Structure formats: C-alpha cells, structure tokens
Amino acid sequence: MTPPIDAAEFDAHKDLVTIITQFLCRNKEKGFSANEIAQSTGMSKTDVVNAMLKLGLSDVASRLSGRKKNFAIEDVTVNGVIYYRCKSLE
C-alpha cells in the first residue's frame, strides 16, 4: 500500500494542469510534444502525459455540463508523436 501524501505535494500535482495550460497558451504559435513541455516546465514526461489525460477528461466534462472556456487544448499526432497547442475560443 502506498503512503498518503502531504497537502503541499497534493497541491503541486494538482497545479500541473494549470502550469501546462499556461505554458501552451503563452506559446500559441507552436505545438509541443510531451517531451518538449516536460523540458520547458521542468516536469517529468510522465507527469505531463498524466496531466494532459486529466485535462482531456476535464474538457469533456465541461462540454457535457455546458461550461464555457475561453481556450481549448488541441492535440494532433504526427509520425507517432502527440503535439499539443492552445487555441483561443474568443
């Protein structure tokens, strides 16, 4: 059984989606792979991949509930690599 984590570690992992979203939305002119996002933000690739999965599920839930966002994170696969970018919805 894994031990519980403290509140600071919980908050740090919770904020990964925010950090990634802010990074992508500041750099809208390009698409970034999970490796590139990890290198640019100082996260591990695994944390980036997990955060992007969480973000995707959150976006689906937002659309189903009718909540509006002013941006969307898009993804595309090129030669087996997934790239992400921020798109303004305004």
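Numbers here are sequence positions counted from 1. Source: prediction; values computed, not measured.
- Taking Ile, Leu, Val, Met, Phe, Trp and Tyr as members and joining any whose side-chain heavy atoms lie under 4.5 Å apart, directly or through other members, the hydrophobic cluster of Leu64 also contains Val60.
- Checked against side-chain hydrogen bond (donor to acceptor under 3.5 Å, both in side chains), Ser44 has the following partners two or more places apart in sequence or in another chain: Asp47.
- One hydrophobic cluster holds both Val48 and Ile82 under the rule that ILVMFWY side chains link at heavy-atom gaps under 4.5 Å.
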Output side-chain donor-acceptor pairs under 3.5 Å for residues 30-38, partner residues at least two apart or in another chain, one line each.
residue	atom	partner	partner atom	Å
Ser33	OG	Asn35	N	3.4
Ser33	OG	Glu36	N	3.2
Ser33	OG	Glu36	OE1	3.3
Glu36	OE1	Ser33	N	2.8

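- Thr77 is linked by a side-chain hydrogen bond (donor to acceptor under 3.5 Å, both in side chains) to nothing, counting only residues two or more places apart in sequence or in another chain.
- Atoms OG and CG, on Ser62 and Leu57 in that order, are 11.0 Å from each other to the nearest 0.5 Å.
- In this structure, OG1 on Thr41 lies 9.5 Å from CD on Gln39, to the nearest 0.5 angstrom.
- Residue Leu24 is grouped with residue Phe71 when hydrophobic side chains (ILVMFWY) are merged at heavy-atom distances under 4.5 angstrom, including chains of intermediate members.
- Through direct or indirect side-chain contacts shorter than 4.5 Å among Ile, Leu, Val, Met, Phe, Trp and Tyr, Val76 is connected to Val78, Val81, Tyr83.
- Partners of Arg26 under the side-chain hydrogen bond (donor to acceptor under 3.5 Å, both in side chains) rule, at least two apart in sequence or in another chain, do not exist in this structure.
- Considering only residues two or more places apart in sequence or on other chains, Leu55 meets the side chain to side chain contact (heavy atoms under 4.5 Å, CB included) condition with Val17, Thr21, Met52, Asp59, Lys69, Ile73.
- For residues 15-60, the disulfide bond (SG atoms under 2.5 Å apart) pairs, not counting sequence neighbours, are Cys25-Cys86.
- Phe23 and Leu16 fall within a single hydrophobic cluster, where Ile, Leu, Val, Met, Phe, Trp and Tyr are joined by side-chain heavy atoms under 4.5 Å apart, directly or via other members.
- Residue pairs meeting the salt bridge (Lys or Arg N to Asp or Glu O under 4.0 Å) criterion with at least one member in residues 71-86, sequence neighbours excluded: Glu74-Arg85, Glu74-Lys87.
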